[in-house]
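Below you'll find the structure, written out as structure tokens, and then a few comments.
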Amino acid sequence: MRYIGNKTRLLPFILEAVTSLGLGPGAAHDACAGTAVVGRELKASGWRVASSDIMSYSYVFQRAYVVAQRVPSFAELRAGDPELRRAMRSQRFRAALSRRGPGALSAVCEYLSRWLEPERGFIAAHYAPAGGRMYFTDENAMRIDAIRTRLHGWHSEGLIGDDGFYILLAALLEAADRVANTAGVYAAFIKSWQPNAKRAVDLVPRHPVRGARGSTAHLADAEKVASQIGPVELLYIDPPYNSRQYAGYYHIPEVIARGWFSDVPVVRGKTGLIRDSAGTTRSAWCSSKGAERSLRDLLAATEARHVLVSYNSEGVLNEIALRRVLDDAAIDGRSCRFVREYRRYRADRNHAKRRYRADALRELLYHAQLR
Ligand SMILES: C[S@@+](CC[C@H](N)C(=O)[O-])C[C@H]1O[C@@H](n2cnc3c(N)ncnc32)[C@H](O)[C@@H]1O
């Protein structure tokens, strides 16, 4: 999924730092998991990972990419869903579904993407033209509604287990994001249909990584989880860097992840934000004072031997403050820093001809051995 702060491109940099420090593999806590790519990579490298985040869509990714060990067989589903059995009259589909593992997963995704009748539900009512917003075409919104409703039905009737449910729901979140009519985040929709938005929703499954058993997912604040999971070798922290709350930028993936079956989200405003009366999706890391306090509290709560913090040169917490907190928590009073420079290209709107300005951005990874 397109996600602010996603570390996919920086995985080699992070893993190189872990190796050069001579860490693990052992137990790790990916404290601000987001799309769960870091936890997934650590698991693939032999780590047992506890991951956490305050957003429900992240919990879905954590379950699908970090906790799940293998593709389920979908045996109950084959036997239990009458509509799926109708689709199985097609020989090609039946053969694909009977294949164990990845073949069956692809067949279920194909069924959800192509065979299911679109239906008008929550997404069509609020995030498509029929609901006055243009995040999805009416057709795609109705497909997302139908798929999300069917996944809820299959899961609550026991036709798919937790692994199958979260793997398919993660595929839906990624598929919906590919056809979202946005510039990357859901803070606004674009007022004309972009080419990607006109394509049909298509679920492309990602297969679970097999690794050490016992990886866990947590829909909770990083500090709370750190204090619950006990000793770990490595705490990896990749917090929000700036004042943008993820809850405001990814409210639609959040709705899709949570569903609308028992708790119906209350939608408001031009962009259809959802009400968070308990304040559980508001992050203290989004202000400089809050970030400093959160880092201090997280380091006090963890029983990790080492901490790695990803931070970017434009973050709300300045480097002096960040280093001070890390140095205070370090066993020898010192933290160190790994640096990766890369270029970000930006359209220069002031120029008549479209020219691009290259900004040097530094991705910083701080390390401290903890007391
Ligand atoms: C920079 S992103 C992480 C990106 C992630 N490493 C990836 O590659 O996708 C920051 C994440 O921190 C989460 N977050 C914010 N406050 C948090 C808190 N108090 N506890 C846990 N996660 C939090 C946000 O929801 C967001 O997913």
Side-chain angles (χ1 to χ4, degrees), residues 1-15 17-18 28-44 49-62 64-66 170 173-174 177 184-186 206 216-229 234-254 257-258 274 276 278-302 307-317 340 361 363-366:
M1 181 165 118
R2 296 171 289 175
Y3 199 60
I4 295 175
N6 180 301
K7 291 294 171 293
T8 305
R9 276 190 317 135
L10 291 166
L11 288 174
F13 171 53
I14 296 167
L15 267 282
V18 170
H29 178 193
D30 179 12
C32 300
T35 58
V37 291
V38 176
R40 186 177 200 265
E41 191 71 12
L42 285 170
K43 182 183 178 194
V49 181
S51 56
S52 55
D53 199 290
I54 51 176
M55 303 304 297
S56 299
Y57 56 78
S58 172
Y59 181 75
V60 173
F61 293 134
Q62 294 168 42
Y65 303 146
V66 178
L173 287 169
E174 310 245 24
D177 192 59
V185 295
Y186 295 80
R206 259 219 245 172
T216 52
H218 304 264
L219 173 58
D221 179 80
E223 182 199 331
K224 187 171 154 219
V225 175
S227 64
Q228 287 169 351
I229 57 176
L234 171 66
L235 166 65
Y236 172 67
I237 315 175
D238 184 17
Y241 305 138
N242 55 34
S243 57
R244 293 178 285 201
Q245 290 284 343
Y246 280 78
Y249 274 62
Y250 298 97
H251 58 296
I252 298 179
E254 188 66 9
R258 287 190 203 175
I274 51 172
D276 172 19
T280 52
T281 61
R282 224 186 140 66
S283 177
W285 290 89
C286 293
S287 72
S288 56
K289 275 212 178 102
E292 185 170 347
R293 200 179 45 245
S294 300
L295 180 59
R296 220 175 260 291
D297 292 348
L298 178 51
L299 294 177
T302 185
V307 62
L308 280 171
V309 184
S310 276
Y311 217 65
N312 145 325
S313 44
E314 296 177 345
V316 288
L317 189 57
R340 167 72 43 100
L361 254 193
E363 188 67 32
L364 305 171
L365 189 60
Y366 297 88

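Atoms within a ligand are numbered from 1 in the order they appear, just like the ligands themselves. Numbering of residues begins at 1 and proceeds along the displayed sequence. None of the values given here were measured: they were computed from a predicted structure.
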Counting heavy atoms only, name the option from [options] that's nearest to [atom].
atom                    : options                       : result
atom 2 (S) of ligand 1  : Tyr246, Phe61, Tyr236         : Tyr246
atom 15 (C) of ligand 1 : Ser310, Ala220, Gly34, Ser283 : Ser283
atom 22 (N) of ligand 1 : Asn242, Leu219, Asp53         : Asp53

In terms of atom number and element, which parts of ligand 1 are under 4.0 angstrom from non-hydrogen atoms of [X]?
X      : result
Ala31  : 21 (C), 22 (N)
Pro239 : 1 (C), 10 (C)
Asn6   : 7 (C), 8 (O), 9 (O)
Thr35  : 7 (C), 8 (O), 9 (O)
Met55  : 25 (O)
Val37  : 8 (O)
Lys7   : 6 (N), 7 (C), 8 (O)
Asp221 : 18 (C), 19 (N), 20 (N)

[X] versus [Y]: any side-chain heavy-atom pair under 4.5 Å?
X      : Y      : answer
Ser283 : Tyr246 : no
Val316 : Cys286 : no
Tyr59  : Ser51  : no

Tell me: protein heavy atom nearest [atom], and distance?
atom                    : result
atom 4 (C) of ligand 1  : Asp238 OD2, 3.3 Å
atom 12 (O) of ligand 1 : Cys32 CB, 3.2 Å
atom 14 (N) of ligand 1 : Ile54 CG1, 4.0 Å
atom 20 (N) of ligand 1 : Ala222 N, 2.9 Å

- Using only heavy-atom distances, determine whether the side chains of Gln62 and Ser58 contain a donor-acceptor pair under 3.5 Å.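 Per modelled atom types, Gln62 and Ser58 side chains form a pair under 3.5 Å.
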- How about Tyr236 and Ser310: does a side-chain donor come under 3.5 Å of a side-chain acceptor?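 The answer is yes; a qualifying pair exists.
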- Query: Do any pairs count as a side chain to side chain donor-acceptor pair (under 3.5 Å) and have a residue in residues 32-41, sequence neighbours left out, and if so which ones?
  - Reply: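 As it turns out, the side chain to side chain donor-acceptor pair (under 3.5 Å) pairs with a partner in residues 32-41, which skip direct neighbours, are Asn6-Thr35.
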- Item | Nearest non-hydrogen partners of Ile237 and Leu298, listed with the distance |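 In this case the closest contact between Ile237 and Leu298 is CD1-CD2, 3.6 Å.
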- Indicate the atoms forming the closest heavy-atom contact of Ser294 with Ala284, along with that distance.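 Smallest heavy-atom distance, with atoms named: OG-CB, 3.6 Å.
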- For the ring pair Phe61 and Tyr3, is the centre-to-centre distance below 6.0 Å?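 No.
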- Message: If we set the cut-off at 4.0 Å for heavy atoms, which region of Tyr3 has an atom near ligand 1: side chain, backbone, both, or neither?
- Response: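 It is the side chain that gets close, since no backbone atom is under 4.0 Å.
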- Work out whether the distance between some heavy atom of Ser58 and some atom of ligand 1 is less than 4.0 Å.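 No, that is not the case, since the closest heavy atom of the residue is not under 4.0 Å from the ligand.
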- Check whether any heavy atom of Ala33 sits under 4.0 Å from an atom of ligand 1.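 It does; at least one heavy atom falls under 4.0 Å.
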- Message: For Arg282, I'd like to know if atom CZ has over 12 heavy atoms of other residues, nucleotides or ligands within 6.0 Å.
- Response: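 Open: at most 12 neighbouring heavy atoms sit under 6.0 Å from CZ of Arg282.
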- Message: Can you pull out every salt bridge (charged side-chain N to carboxylate O under 4.0 Å, His left out) where at least one residue sits in residues 236-248? Sequence neighbours excluded, please.
- Response: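 Sorted pair list: Lys7-Asp238.
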